[in-house]
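When reading the values below, keep in mind they use all heavy atoms of this one structure, side chains included, and skip hydrogens, waters and symmetry mates.
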Amino acid sequence: MLDIMRFQFRQLFRARMVHLTNILMLTVFLVMLFLDSGNHGDVREMMTSYLPQTLPFITGISVFAPAIMIAMVCGADFEDKTINHELTGGRSRTASFFGRAVPVMIAAPLTTVFITALPYVIYAAAAGTGDAIPVSAIAERYLLMLFPLLRLSAFFVFLIFVTKKQLAVIVSSLLVTSVTLGIIDGSGRAVLIQVINRHAGMLSISDLTRLTRFDNWRAYDLTMHSFYTYYPQLPVSQIVLTVICSLGMAAVWLLLGWHFFHVDDMN
């Protein structure tokens with residue numbers, strides 16, 4: 001299994017489509033940050049003041065990144081029958097499954113967090129960090145984001161081993177993105193979106209949206225210019241629920257994917 005994992009990591013480094021997608025998303029996030037902030041001649045906001053306004057939207061778009069990585073890397077082995085050749089060559093199905101699942105479940109969450117964090121690092125270098133929110137609190141949010149992203153990656157792994165189609169994972173990620181953005185902007189009136197928004201831990205996207213939101217209070221000066229005060233601390237109950245639900249559901253998706261792959265006839 002270790003040699004399969006090493007090969008998968010090499011594939012991750014060589015997957016041009018994955019790199020191009022990540023670079024494109026990173027570029028779009030950077031352009032959005034710099035064009036939106038300080039528009040119409042206004043003073044550009046510092047990073048810690050600007051991050052709470054934009055992080056939910058950027059994170060909602062970034063869930064497309066793990067889907068592309070898993071579809072392009074794991075899905076390619078179904079397209080060219082690499083897995084079939086492994087099985088006929090005597091490889092166990094457990095080695096073939098986890099040899100592919102483990103590398104992408106390590107790389108996908110880390111890459112997604114990286115492409116959502118780097119734009120703010122560059123923005124802070126240009127506009128300043130500020131002190132609206134402690135950097136340590138932001139780092140805590142990003143660290144916790146790894147858990148729902150791990151859960152989401154496990155779901156995509158399950159989906160690719162069940163459907164054996166790259167397109168199925170990509171389409172599902174578009175649906176996940178649309179639901180996530182519906183939760184973030186509050187425009188979604190569907191019962192499903194409302195239920196997801198109310199119940200933390202129900203889905204990975206509900207955890208992600210809660211982690212990217214900062215409780216705030218707004219005040220106005222005499223010119224009616226608004227000022228925000230943010231409360232950066234997360235409730236311990238939310239942290240525990242996020243970690244437990246993410247790890248538990250990630251294990252469930254992996255076990256379901258492994259079981260289906262174990263009994264699949266691979267025709």
Side-chain angles (χ1 to χ4, degrees), residues 5 12 22 25 29 51-52 55-71 73-74 97-98 100-121 133-161 169 172-173 175-177 179-181 183-184 193 195-215 231-258:
M5 294 175 63
L12 286 170
N22 292 336
M25 294 178 66
F29 294 158
L51 178 141
L55 181 59
F57 180 79
I58 285 180
T59 305
I61 298 295
S62 67
V63 298
F64 190 62
I68 286 293
M69 179 178 293
I70 292 168
V73 177
C74 292
F97 178 83
F98 287 101
R100 286 169 173 82
V102 172
V104 293
M105 288 187 62
I106 294 174
L110 291 174
T111 301
T112 306
V113 167
F114 176 77
I115 65 176
T116 55
L118 183 59
Y120 291 104
V121 174
I133 300 174
V135 175
S136 59
I138 297 174
E140 179 187 32
R141 303 276 181 135
Y142 273 107
L143 180 62
L144 289 172
M145 283 167 55
L146 290 171
F147 290 96
L149 287 171
L150 181 73
R151 176 181 176 179
L152 186 63
S153 299
F155 169 72
F156 288 141
V157 169
F158 162 78
L159 197 61
I160 196 68
F161 273 88
V169 176
S172 69
S173 70
L175 295 176
V176 170
T177 300
V179 173
T180 305
L181 296 179
I183 295 173
I184 291 169
I193 293 180
V195 171
I196 292 172
N197 193 25
R198 287 196 301 266
H199 295 82
M202 182 175 181
L203 293 176
S204 56
I205 56 177
S206 64
D207 285 330
L208 279 175
T209 53
R210 287 173 179 269
L211 289 174
T212 55
R213 289 173 176 167
F214 291 83
D215 292 334
Y231 183 73
Q233 299 300 322
L234 286 170
V236 176
S237 59
Q238 180 179 344
I239 296 175
V240 172
L241 186 64
T242 297
V243 172
I244 292 177
C245 289
S246 297
L247 294 179
M249 285 306 302
V252 169
W253 287 124
L254 287 179
L255 288 174
L256 288 175
W258 171 82

Tyr142 meets the side-chain hydrogen bond (donor to acceptor under 3.5 Å, both in side chains) criterion, sequence neighbours left out, with none

What pairs with Trp258 under side-chain hydrogen bond (donor to acceptor under 3.5 Å, both in side chains), at least two apart in sequence or on another chain?
Thr94

Residues 244-253, side-chain donor-acceptor partners within the protein, below 3.5 Å, at least two apart:
| unit_1 | atom_1 | unit_2 | atom_2 | d |
| --- | --- | --- | --- | --- |
| Ser246 | OG | Thr242 | O | 2.6 |

Sidechain-backbone polar pair: Arg141 side chain, Thr212 backbone, donor-acceptor under 3.5 Å:
no

By ring pair (Phe, Tyr, Trp, His ring centres under 6.0 Å), which residues pair with Phe161, not counting sequence neighbours?
Phe78, Phe97, Phe261

Does some side-chain heavy atom of [Y] sit less than 4.5 Å from a side-chain heavy atom of [X]?
{"X": "Leu159", "Y": "Ile70", "result": "no"}
{"X": "Ser153", "Y": "Val104", "result": "no"}
{"X": "Phe29", "Y": "Ile61", "result": "yes"}
{"X": "Leu144", "Y": "Val243", "result": "yes"}
{"X": "Val157", "Y": "Arg100", "result": "no"}
{"X": "Phe147", "Y": "Asp207", "result": "no"}

Would you please name every residue forming a side chain to side chain contact (heavy atoms under 4.5 Å, CB included) with Gln233, sequence neighbours left out?
Tyr231

Calculate, to the nearest 0.5 Å, the distance between atoms [atom1] and [atom2] belonging to [X] and [Y] respectively.
{"X": "Asn22", "Y": "Phe64", "atom1": "CG", "atom2": "CZ", "answer": "10.5 Å"}
{"X": "Thr116", "Y": "Leu55", "atom1": "OG1", "atom2": "CG", "answer": "7.0 Å"}
{"X": "Met5", "Y": "Ile106", "atom1": "CE", "atom2": "CD1", "answer": "5.5 Å"}
{"X": "Ile133", "Y": "Leu51", "atom1": "CD1", "atom2": "CG", "answer": "6.0 Å"}
{"X": "Phe156", "Y": "Ser172", "atom1": "CZ", "atom2": "OG", "answer": "4.5 Å"}

Considering non-hydrogen atoms only, spot the tightest contact between Ala154 and Met105 and give its length.
CB-CE, 3.7 Å

Identify the two heavy atoms, one from Phe158 and one from Gly257, that lie closest to each other, and give their separation to 0.1 Å.
CD1-N, 3.5 Å

Anything under 3.5 Å between a donor and an acceptor, one on a side chain of residues 108-115, the other on a protein residue two or more places apart or in another chain? List them.
| unit_1 | atom_1 | unit_2 | atom_2 | d |
| --- | --- | --- | --- | --- |
| Thr111 | OG1 | Ala107 | O | 2.7 |
| Thr112 | OG1 | Ala108 | O | 2.8 |

